[in-house]
Enquirer: 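I have a structure here, written as structure tokens, and I will follow up with some questions on it.
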2 protein chains.
Amino acid sequence: MGGFRYAQFCPLARATELLGERWTLLVVRELLLGAQRFSDLRRRLPGVSASVLADRLGHLEQRGILEHRELPPPAAASVYALSELGRELEPVMAELARFGARLLGDPRPDDHIEPDWLRLAGMLFARREATAPRAFRVRVAGAEPAVEFFVRGGPAGTQVLDSPCDVDVTLCAEPLVLLALMSRRAAPDTLVESGALRVEGEIASVCEFPALFDVPAPTPNDGEDPS
Amino acid sequence: MGGFRYAQFCPLARATELLGERWTLLVVRELLLGAQRFSDLRRRLPGVSASVLADRLGHLEQRGILEHRELPPPAAASVYALSELGRELEPVMAELARFGARLLGDPRPDDHIEPDWLRLAGMLFARREATAPRAFRVRVAGAEPAVEFFVRGGPAGTQVLDSPCDVDVTLCAEPLVLLALMSRRAAPDTLVESGALRVEGEIASVCEFPALFDVPAPTPNDGEDPS
DNA sequence: CGGAATCCTCTTCGATACTG
DNA sequence: CAGTATCGAAGAGGATTCCG
């Protein structure tokens, strides 16, 4: 692909021309978490080569999905950030993530997992209807520097915040444990008892945490996987 | 691509592995409109070669998105249809179409346009909140056999039906005219006066038709297009 | 009609090296 | 660090042929 175009007058075809190249969607995923430098992106996307990443960033910039900003004097760095148009991909990513969650299965041994993705999961799987008015600090173990974010339920649905707010309870666990909690694949009590989930604060609130999110149940993979 | 996998434990990566190959998403688009035969799909996807189409159908079947059914004695035909899992892609397609609609611009001279896509547009852009309780028959001109579908507003949102129902009014126009109407890029009165939009029935209802849908306004393409 | 198999071409990719 | 340039290898795609 490159300037590939389907010769079709259709919004889905247009969107796919933009996002359908390999790695492109994952670049957008990373930028949903905030502005990143070239080498940040490379580290977070294991397997992508410099030339391909540069190519994809170029396309996305050219098409107005992201902006390439040079941070001027103090920190001599250049970062990529989603444009206003690019940020409107969030609902698309949310639906796509909901679909993908059914097929996720278990991690393979060589699968990369980025602690920051849990924050993204919080954003994308956030319930959009009213949720319990509780606030949580979530700390993802195993990251340096630590990933920490805040989740707050309310009448307008669940919100994920980057900056601190008053919380009822703090949760701390490995990414996979937090994912199991959010997706209801493990009971909060069990996780706490086993020590996989550390809790500080009003421990009873923990049971309300999964209800803030809407992660579809996995689909049994009845299809074979003859690789 | 083929059995390509991103080595990432992430729902978006999984979904992209499934849908990211060229043509794949457009195959799903066509099947959202109903079961199709191999050559139907080829005709509706100008530019795809038999081998690529067969390859994509094979992948989608293997991964449980679609089913290959042999219609037995009477009509000796074999058709492809979305599985239950595949049908759950509809919300994804709806969000993606909303995004793509901003970038759609004007049709290029060689752009293919399928009358049936208007039915799909009705489905994907249907408003999900309560809409005016009016029913419309929509006839897309220039198709043989004619494409016809029914749209009904109501407290549960807009519904698109394939089978006839009592309607207040019938609209008949070319695909681009209907699209302009749905997306509010042309006023109903103007279209009627110019003769581009033919109306039978309670003509005053026509003005309520666009309100049944939620098509985002186009984004001005500030990016250059040096092809 | 509904594809599978073959051949050949055009892209695309990754590694390495190089530049500001 | 933040990329660009080059080049060989791998892969994807199109056309054609053939078979049920």
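So that the names make sense, note that chain A is the first sequence line, chain B the second, and so on, each numbered from 1. Values below: all heavy atoms of this structure, side chains included; hydrogens, waters and symmetry mates excluded.
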Enquirer: For the pair made of CG in A:L57 and P in D:dG3, what is the distance, rounded to whole Å?
Expert: 8 Å
Enquirer: For A:F38 and A:Y80, take the angle between the two ring planes, folded into 0 to 90°, and tell me which bin it lands in: parallel under 30, tilted 30 to 60, perpendicular over 60.
Expert: tilted
Enquirer: Of the candidate nucleotides C:dG3, D:dG14, C:dC13, which contains the atom at the shortest distance from the side chain of B:H68?
Expert: C:dG3
Enquirer: Closer to the 5' end of DNA chain C via nearest nucleotide, is it B:R37 or B:S51?
Expert: B:R37
Enquirer: Please work out if A:G58 contacts a base, only the sugar-phosphate, or nothing of the nucleic acid, heavy-atom cut-off 4.0 Å.
Expert: nothing
Enquirer: Which nucleotide in the list C:dG3, D:dA2, C:dC13 gets nearest to the side chain of A:S78?
Expert: D:dA2
Enquirer: Round to a whole Å and report the spacing from CG of A:D55 to C1' of D:dT4.
Expert: 12 Å
Enquirer: Does a side-chain N-to-carboxylate-O contact under 4.0 Å join B:D111 and A:R14?
Expert: yes
Enquirer: In whole angstrom, give the distance that lies between atom CG of B:L53 and atom P of C:dG3.
Expert: 9 Å
Enquirer: Report the C-alpha separation of A:E114 and A:R43 in whole Å, then their side-chain angles, then the decisive distance to 0.1 Å, and conclude whether the salt bridge (charged side-chain N to carboxylate O under 4.0 Å, His left out) test is met.
Expert: CA-CA 10 Å; A:E114 190 73 29; A:R43 186 182 44 76; 3.4 Å; yes
Enquirer: Quickly work out the A:R56 CZ to D:dT4 C1' distance and round it to whole Å.
Expert: 16 Å
Enquirer: If the test is side-chain contact (heavy atoms from CB on, under 4.5 Å), which one of B:L60, B:L66, B:L26, B:I65 qualifies with B:L31?
Expert: B:L66
Enquirer: Check this for me, if you would: do B:R119 and B:D116 make a salt bridge, where the nitrogen-to-carboxylate-oxygen distance has to be below 4.0 angstrom?
Expert: yes
Enquirer: Measure NE2/A:H59 against P/C:dT11 and give the value in whole Å, please.
Expert: 14 Å
Enquirer: If the cut-off is 4.0 Å, is A:R43 near the phosphate of D:dA2, judged by side-chain N/O to OP1 or OP2?
Expert: no
Enquirer: What is the distance, to the nearest angstrom, from the CZ atom on B:F38 to the P atom on D:dG20?
Expert: 18 Å
Enquirer: Among the nucleotides D:dA2, C:dC13, C:dG2, which one has an atom lying closest to any side-chain atom of B:S39?
Expert: C:dG2
Enquirer: Rounded to whole Å, how long is the line connecting atom CD of A:E21 with atom P of D:dA12?
Expert: 15 Å
Enquirer: Go through D:dT4, C:dA4, C:dT12 for me and flag the one nearest to the B:R22 side chain.
Expert: C:dT12
Enquirer: B:L45 has an atom CG; how far is it from atom P of D:dG13, in whole Å?
Expert: 14 Å
Enquirer: Hey, does A:A54 reach any base, or is it just sugar-phosphate, or nothing, if we go heavy atoms under 4.0 Å?
Expert: sugar-phosphate
